[in-house]
There are 2 protein chains.
Amino acid sequence: MVQKRVNIRDVAARAGVSVGTVSRVINRKPVSAETLALVNRAMREIGFTPSAVARSMRTRSTLAVGFVINDISNMLFATVAKAAEKVLQEQSYSLLIANTDNDPGRERLIIESLIQRRVDGLMIAVTDETDEETRSLLRSVDFPVTLLDRQMDGPFDSVCDDHAPGMRKAIRYLFDLGHRDIGLITGADNVRPGRERARGFREAFAEQGLDVPERWLRQGRLDALYGYAQAFEILSASPRPTALVAGGNQIFAGVLRAIRRLGLVLPRDLSIISCDDVDLTVLTDPPVTVISRNLDEVGRVAAEILLRRIRGNEAGERYCHVVPTELILRESCAQVR
Amino acid sequence: MVQKRVNIRDVAARAGVSVGTVSRVINRKPVSAETLALVNRAMREIGFTPSAVARSMRTRSTLAVGFVINDISNMLFATVAKAAEKVLQEQSYSLLIANTDNDPGRERLIIESLIQRRVDGLMIAVTDETDEETRSLLRSVDFPVTLLDRQMDGPFDSVCDDHAPGMRKAIRYLFDLGHRDIGLITGADNVRPGRERARGFREAFAEQGLDVPERWLRQGRLDALYGYAQAFEILSASPRPTALVAGGNQIFAGVLRAIRRLGLVLPRDLSIISCDDVDLTVLTDPPVTVISRNLDEVGRVAAEILLRRIRGNEAGERYCHVVPTELILRESCAQVR
DNA sequence: CTGTTAGCGCCTTCAC
DNA sequence: GTGAAGGCGCTAACAG
């Protein structure tokens, strides 16, 4: 593997031109037709591939942006990454995807590694918005950073989802069906989706002049295990709420498990609403009403914002793009008897 | 952003030592305690971060490996990537994940970009094993390549799943329940999982001296749309098979959709087996019998093999690690009346 | 349009 | 244990 790699100089020698000319060919700068042919042939013959490493060294641009995600197993990630990659690839940028697994320590290591690799920009869904170490690390970087559905103090752009209004719509819908005893299981306040969903939940009750059913509002983590544990507890209570909102797609998987375990029949015994439209919500029986959002837009816009910053080199106003949510009605909610 | 970055020389000046000494500190080579302290302080004070680009240039190693996947939306990918990343991160390698979306053209561009970036190794689930362009591209690289559940002629290691034996077990199980009219929907022959599953299917019938129900063996793509279309067609037939195997986790989502659409009740009207254990198979009603495999092992072993090659620089025997499959019995299959 | 040359930031000899 | 110098492969001036 450590064999001598052919370089621009070898090509130049072979083609009988100077290295500058070869460089021009590589970078599609104006070159006479015949030298172009000459150089191209030489490159092919000796199997030359320009080194992005050397180029980056010279140009101080890696044409790479980092994508740091706190949980790669969440299938929603794929949609966002795909959309972002599409935009970036068109501009010949590559995506360096890394997964922190909700571990702030790993998150820091990953960010540091990305800094050393001299990425041109960074998209990140931080594990914990209140983590001071991560925050100061991100503030110290000299490339643009776009937060993915996160809010942090600092010179960061962000693309966020409209969780609170979405949740309000969902709760109002349940109100309309006569529900008052409603539960919500979602993430903690240190991460935007959990915080905003809880806020929307509270606001919906406040709007109606109703007390928030605090004992059925559970904020902890966004994973399935948490969803299962909390749902099991809530639904084992007596009386239990007449409706339950799963504040996260993975939480929903846990909630569903608890429902099966307890032998509850939807929507007769319980009305359910989930967040984000995934196979499970459509294919379970009955299909589940969800608060949906356009994840594709999140990835696309995040990439676009980042590119604009990288290109424009602007230090201007921070962008904060908000992606709307939509309530998709299906058959998991029933009128209260 | 193009501000002057501090470099090793600035640190050296600040610390009153030579650049060589700073380099030694960075690379944890023996240095006297006091210079160490001196240099470390200088680095901190002027905010120095070593450039991986420059280092790669010099050492001809990027400490990066590519991970090219044909469909990032397949949630199974996450498990593999996570396991691989874990192994690699421990050795301070980074993963460059890229998605081809089953587009051979993009695949080529991605591989070329990875070559230019001078990755130290590559893990790849190619879109089409018979694609000559991709194959010759991969043969031409000067770093080790590990195939993920793929087979191709060439100097490639691979980690494969035991699909055919798994499928045989599944079919035999259905035989035991009295089924003879069994369908299978899976990927085409140009990609290992589809090919092997179909092979296992055929072998199972051959073992029993039975004719293979060719009209119910559908090989096309591994996505949900294909699964839906084929399942709908198969299950609309009259008579329809008494059992159907979804040869892929995404195909299963499509199959389930068709089942719902046709109003079939499992397992009364139809017995079902799927591949790979995901939320959907566990949480649907009834829970579905699956051919399962350890995806974590796939990622882990693939990364280990790659590291060994990179480290060892060996040109020896090709590895071909086979990961076993297991039939997990649940309630989606019934005795034929 | 083309050749020449000076680094980009770092590591690695080789002296000391 | 430390300093000095050369070069990894490329691009960006600057001359011609």
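Hydrogens, waters and symmetry mates are skipped; everything else that's a heavy atom, side chains included, is used. Letters A, B, ... are given to chains in the order of the sequence lines, protein chains preceding strands, and every chain is numbered from 1. Every value quoted in this text rests on a predicted model; they were computed, and no experiment measured them.
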**Student:** Mind checking what makes side-chain hydrogen bond (donor to acceptor under 3.5 Å, both in side chains) contact with B/Thr35, not counting sequence neighbours?
**Tutor:** B/Ser32

**Student:** By side chain to side chain contact (heavy atoms under 4.5 Å, CB included), which residues pair with B/Val11, not counting sequence neighbours?
**Tutor:** B/Val22, B/Val39, B/Ala42, B/Met43, B/Ile46, B/Phe48

**Student:** Of the residues in residues 12-30 of chain B, which ones touch DNA chain D at a heavy-atom distance under 4.0 Å?
**Tutor:** B/Val17, B/Ser18, B/Thr21, B/Arg24, B/Pro30

**Student:** Using a cut-off of strictly less than 4.0 Å between a heavy atom of the residue and any atom of DNA chain C, enumerate the qualifying residues of residues 31-43 of chain B by number.
**Tutor:** none

**Student:** In chain order, what residues pass the side chain to side chain contact (heavy atoms under 4.5 Å, CB included) check against A/Val80, with sequence neighbours excluded?
**Tutor:** A/Phe67, A/Leu295, A/Val298

**Student:** For B/Thr100, enumerate each residue passing the side-chain hydrogen bond (donor to acceptor under 3.5 Å, both in side chains) test, keeping only those at least two apart in sequence or located in another chain.
**Tutor:** B/Thr127

**Student:** Give the angle between the helix axes at the two ends of the helix from C/dC1-D/dG16 to C/dC16-D/dG1, taking five base pairs at each end and rounding to 10°.
**Tutor:** 30°

**Student:** Not counting sequence neighbours, which residues clear side-chain hydrogen bond (donor to acceptor under 3.5 Å, both in side chains) with A/Asn294? List them please.
**Tutor:** none

**Student:** A/Thr130: which residues meet the side chain to side chain contact (heavy atoms under 4.5 Å, CB included) condition with it, sequence neighbours left out?
**Tutor:** A/Asp128, A/Asn190

**Student:** Provide the full list of side chain to side chain donor-acceptor pair (under 3.5 Å) pairs with a residue in residues 297-307 of chain A, sequence neighbours left out, each pair given once.
**Tutor:** A/Glu297-A/His321

**Student:** Once salt bridge (charged side-chain N to carboxylate O under 4.0 Å, His left out) is applied, do any residues pair with B/Arg108, and if so which ones, sequence neighbours excluded?
**Tutor:** B/Glu133

**Student:** What residues form a side-chain hydrogen bond (donor to acceptor under 3.5 Å, both in side chains) with A/Ser61, not counting sequence neighbours?
**Tutor:** A/Asp120

